[in-house]
Protein chains: 2
Amino acid sequence: MGGKWKARIVWALTRNDVLRFAELRRACPPISDRMLSRELKELEGCGLVSRTSYASIPPRTDYALTARGRTLRPVMAAMADWGLEHRSVILDAMMAADMVSDNGS
Amino acid sequence: MGGKWKARIVWALTRNDVLRFAELRRACPPISDRMLSRELKELEGCGLVSRTSYASIPPRTDYALTARGRTLRPVMAAMADWGLEHRSVILDAMMAADMVSDNGS
DNA sequence: CAGTATCCCGAAAGATACTG
DNA sequence: CAGTATCTTTCGGGATACTG
């Protein structure tokens, strides 16, 4: 389950229950349409995300976690906690080891 | 913190406390010497893994998690739990969606 | 709005050979 | 045993343009 964006997508969906394509795009900047579409398909392929599209004009598609996708919550939470506590200190260490070239994002 | 192998390396070190180069290689098949060396350097660079080498013949180097590296335990545990519970069912879904070509590893 | 289709490049990583 | 050096390949993912 690689992919640069999957974690962010799932993370967005754990916090919002249901999101549309454009909302997900805004939730995961700066993801491209192409990557968002691809990653969503893969997540759908492993049964973690469900897609519901309405044949209306303008078109509309809702994405949500499946029951199985929701089982990822504890994992996502653990990762988020760790990130909050250690991100900055790790980044400092990485800079000291010249593994990164400071950009303040 | 990308890298195809870092999770496995850290996982091996959470379960074993201290491992030598060759032991880590065996713990993360089929990683190559090159990748193991590189990933270990990066983990050392962010202060998650410590390296202790003994100037003996034959040479010997011990790797272990630092205090900071050990803070990853809850995350690793959460991921491991999830993997145990969902790995097979996810793989099935992925095969059904032809995202993988069965290899029994 | 919600995507697909193409093209392309650079980083990640495999293979192989070598060393103190 | 514990790595490093070099070469080659793969492929993830960005840019851009197009469509129902």
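Predicted model, so just to flag it, every value in this text is computed and none were measured. Proteins come first, then strands; the chains are lettered A, B, ... in the order of their sequence lines, and each starts at number 1.
Each of B:R51 and A:S32 was assigned the nucleotide of DNA chain D with the nearest heavy atom; the assignment lying further toward the 5' end belongs to B:R51.
For A:W5 and D:dG13, the CH2 to C1' distance is 10 Å, given to the nearest whole Å. A straight line from CG of A:L19 to C1' of C:dG3 spans 17 Å, rounded to a whole angstrom. Rounded to whole angstrom, the span from the CD atom of B:E39 across to the P atom of C:dA11 amounts to 16 Å. Rounded to whole Å, the distance from CD on B:E42 to C1' on C:dA13 is 12 Å. Rounded to an integer number of Å, the gap from CZ of B:R25 to P of D:dC1 is 8 Å. Atom CG of B:L40 and atom P of D:dG3 are 8 Å apart (whole Å). Computed from coordinates, the B:I31 CD1 to C:dG14 C1' distance equals 12 Å when rounded to whole Å. Atom CZ of B:R34 and atom C1' of C:dA15 are 10 Å apart (whole Å).
Here the straight-line distance linking atom OG of B:S50 with atom CG of B:L40 works out to 10.5 Å at 0.5 Å rounding.
The backbone N or O of B:P59 sits nowhere less than 3.5 Å from a side-chain atom of B:S56 that would complete a donor-acceptor pair. A donor-acceptor contact shorter than 3.5 Å is absent between the side chain of B:R20 and the backbone of B:Y63.
Few gaps surround CE on B:M76; more than 12 heavy atoms of other groups in view lie less than 6.0 Å from it.
Between A:K4 and D:dG14 there is a side-chain polar atom (N or O) within less than 4.0 angstrom of OP1 or OP2. The side chain of B:S37 places an N or O atom within less than 4.0 Å of a non-bridging phosphate oxygen (OP1 or OP2) of D:dT4. Note on A:R20: a side-chain N or O is less than 4.0 Å away from OP1 or OP2 of C:dA2. Residue B:Y63 has a polar side-chain atom (N or O) positioned under 4.0 Å from OP1 or OP2 of D:dG3.
Remark: B:D62 engages B:R60 in a salt bridge (Lys or Arg N to Asp or Glu O under 4.0 Å) (not counting sequence neighbours).
Counting only Watson-Crick or G-U wobble pairs whose defining distances are both under 3.5 Å, the stems of 3 or more consecutive pairs in DNA chain D are C:1-20 with D:1-20.
In terms of heavy-atom proximity, B:G47 sits nearest to B:T66 at O-OG1, 2.7 Å. Taking both residues in full, the closest heavy atoms of B:T61 and B:S53 are given as OG1-CB, 3.5 Å, listed atom of the first, atom of the second, then distance.
Interface remark: the A:R60 side chain does not form any donor-acceptor pair with the C:dA2 base, using a distance-only criterion of under 3.5 Å. Scanning atom types as modelled, no donor and acceptor separated by under 3.5 angstrom connect the side chain of A:R38 and the base of D:dG13.
When distances are taken from the side chain of B:M35 to each of C:dA13, D:dT4, C:dA2, the shortest belongs to C:dA13. Taking only side-chain atoms of B:P58, from C-beta outward, the nucleotide of C:dA13, D:dG13, D:dC1 with the closest atom is D:dC1.
Put simply, the residue from A:R25, A:R34, A:K6, A:R8 that forms a salt bridge (charged side-chain N to carboxylate O under 4.0 Å, His left out) with A:E39 is A:K6.
The residue A:G3 sits close only to the backbone: its heavy atoms come under 4.0 Å of sugar-phosphate atoms, none of a base.
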